[in-house]
Number of protein chains: 2
Amino acid sequence: MSAAFMPCNALGRRLARYAPLDETDLRAIERLCAVPRHRVPPRREFLREGDRPGAVQVLLEGWAQRLVLLPDGRRQITGFALPGDVLWRPSGAMRLDFSVIALTPAMIVPINAGAWDQIASESSGMALALARQERVAEAIERRWLVNLGQRTAFERLGHLFCELCHRLDTIGMVTRSDQSQSFAFPVTQVELAEATGLSPVHVNRVLREMRSEGLIRLEQRTLHLLKRQALAQRTLFDPAYLEP
Amino acid sequence: MSAAFMPCNALGRRLARYAPLDETDLRAIERLCAVPRHRVPPRREFLREGDRPGAVQVLLEGWAQRLVLLPDGRRQITGFALPGDVLWRPSGAMRLDFSVIALTPAMIVPINAGAWDQIASESSGMALALARQERVAEAIERRWLVNLGQRTAFERLGHLFCELCHRLDTIGMVTRSDQSQSFAFPVTQVELAEATGLSPVHVNRVLREMRSEGLIRLEQRTLHLLKRQALAQRTLFDPAYLEP
DNA sequence: CGATGATTTGATAAGCATCAATAACCGTGG
DNA sequence: CCACGGTTATTGATGCTTATCAAATCATCG
């Protein structure tokens, strides 16, 4: 496709996956991102439920988690954001209905909402790419909902691993070796529990089970999917919803 | 607000809630909907996972459910759609990642995607209303996810009832009498189970519990919330995420 | 009024949470 | 280099929530 241009930031790389973008589009993305960026240390909450950010918030580097906090302290992670993901699009002065917390050192760029909309309206390629990215983001949340509602603990975790591997693969963050694929995985077991609606203890047990079956290896903050095919099969992972 | 114009269809009524619309906007909505509509009988699946509808699909009358079906037969309802809700916006030729099934006799209108986008780009009021409606729809799904991940069976069902009551209230489909509010409720206990990730048997038990506490009455396909305040409190329902 | 689907109830088992305690790991400073 | 405190991971024991299976009752409607 547009590999010739080698877009320099994660947003460009991501959008180019959803629709063919020409050189003008990629330069427009560059201009959008040519504003002061925020560096965020790991575990810092940098967007807060109730905030009304005026700009589009894009994650350029690192991982982040969306979190909903209940008044009694229960926590639900509703999604993991990866480089190139849009964290929030303001509409009028709507309040955020979730918080966002960095999982690694992260870089955020606040993009002027008017400029964002204008670029979408001037290039049909950009409009399509942005719309598709939104649809995929919605599909990911819907799948997560299916996980929580219908799947066993084993399936929830395995499905999550497969999904993350797939998403990371499309932005070149997965290393292949033999049958196995591996990637940096900055998520603790407690956070996995908050994401999957399980207790940390049970997450640990299921991970041990996966390990003992030779499906995964998780060490040094690196996750190895040793038999991705088998894992995808056992967890009913079908990547159709991730593809435009 | 714009009560003076009395928009005649559900889409107009809904959008007017999210941003002030002028007479031109409301007439534009009317024109959009002035195309052949589809009548759908209850329990008919009228959009199918994998389809690539070319038009924006809007529910004008009746209730519908979004459903994700797993290969082994497990079913998860990921949302209930009410009159005025957008069921799907096409982006390129993206595939639906869920099915939609009518719960009551329903009326669907397929709106030309180009005309939809154009109207949004010509009126800032419409653009805002549409964007806000999308944000709210996303927030509803996120809340549902929190329900499945963190809440007890009692909370899941009660929260769902409060949410539906709130949404129905904004389109005038709730009857108030004394402290209680009631509305037509075309959802079976099996479907409630598929929506909340519980078994039908357990849904039944929890409903009985709510009834015995005098919180609800559910009969003749009508749901009465007898003490909505109490129910909202016990189920940690906070309508902030539903409001623009 | 029989037939079909929806709701209700009981009994049992599985899955997962909870509590408690220990072990490994990691960055920090002595 | 080692000691140290905090975070993260691991394991065992126990019990609650909820699923599952089976069957009876209740509605609804042609």
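So that the names make sense, note that chain A is the first sequence line, chain B the second, and so on, each numbered from 1.
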Subject >> Any donor-acceptor pair under 3.5 Å from Arg156(B) side chain to Thr235(B) backbone >> reply: no
**OP:** Specify whether His159(B) and Tyr241(B) have parallel, tilted or perpendicular ring planes, treating 30° as the upper limit for parallel and 60° as the lower limit for perpendicular.
**Re:** parallel
**OP:** Report the nucleotide, chosen from dT7(C), dA19(D), dA17(C), that has the shortest atom-to-atom distance to any side-chain atom of Gln189(B).
**Re:** dT7(C)
Original post:
So, does Arg66(A) use its side chain to make a donor-acceptor pair with the main chain of Thr78(A) at under 3.5 Å?
Top reply: no
Subject >> Charged N-O contact under 4.0 Å between Glu134(A) and Arg89(A) >> reply: yes
Original post:
Which nucleotide in the set dA6(C), dG12(D), dT18(D) lies at the smallest distance from any side-chain heavy atom of Arg205(A)?
Top reply: dG12(D)
Subject >> Short side-chain N/O contact to dT11(D) OP1/OP2 from Arg208(A), under 4.0 Å >> reply: yes
Original post:
Counting any heavy atom closer than 4.0 Å, what does Leu207(A) reach on the DNA or RNA strands: base, sugar-phosphate only, or nothing?
Top reply: nothing
Original post:
Between Arg211(B) and dT7(C), does any side-chain N or O lie under 4.0 Å from OP1 or OP2?
Top reply: no
Subject >> Arg151(B) side-chain N/O to dT18(D) phosphate OP1/OP2 under 4.0 Å >> reply: no
**OP:** Mind calculating the distance between CD (Glu194(A)) and C1' (dT8(D)) to the nearest angstrom?
**Re:** 13 Å
**OP:** Could you check whether the rings of Trp63(A) and Phe185(A) sit parallel, tilted or perpendicular, using 30° and 60° as the cut-offs?
**Re:** perpendicular
Subject >> Among dC21(D), dT8(D), dT10(D), the nucleotide that comes nearest once only the side chain of Val201(B) is considered >> reply: dC21(D)
Subject >> Euclidean distance, atom CD of residue Glu219(B) to atom C1' of dC26(D) [Å, nearest integer] >> reply: 14 Å
**OP:** Let me know the distance between CG of Leu198(B) and P of dC16(C), rounded to the nearest Å.
**Re:** 14 Å
Original post:
Between dA9(D) atom P and Leu192(A) atom CG, what is the distance in whole Å?
Top reply: 8 Å
Original post:
Between dT18(D), dA9(D), dT7(C), which nucleotide gets closest to the side-chain atoms of Arg221(B)?
Top reply: dT7(C)
Original post:
Rounded to the nearest Å, what distance is computed from the CG atom of residue Leu103(A) to the P atom of nucleotide dT7(D)?
Top reply: 17 Å
**OP:** Specify the residue among Arg156(A) and Gln220(A) whose closest nucleotide of DNA chain C lies further upstream toward the 5′ end.
**Re:** Arg156(A)
Subject >> side-chain N/O Asn204(B) vs dT8(C) OP1/OP2, d < 4.0 Å >> reply: yes
Subject >> Thr152(A) vs Arg43(B), nearer the 5' end of DNA chain C by closest nucleotide >> reply: Arg43(B)
Subject >> Touch class at under 4.0 angstrom, heavy-atom based, for Thr188(B) against every strand present >> reply: sugar-phosphate
**OP:** Grab the NE2-P distance between His202(A) and dA20(C) for me, whole Å please.
**Re:** 21 Å
**OP:** In whole angstrom, give the distance that lies between atom CZ of Arg75(B) and atom P of dA19(D).
**Re:** 17 Å
Original post:
Closest to the Ala153(A) side chain: dC16(C), dT10(D), dA17(C)?
Top reply: dC16(C)
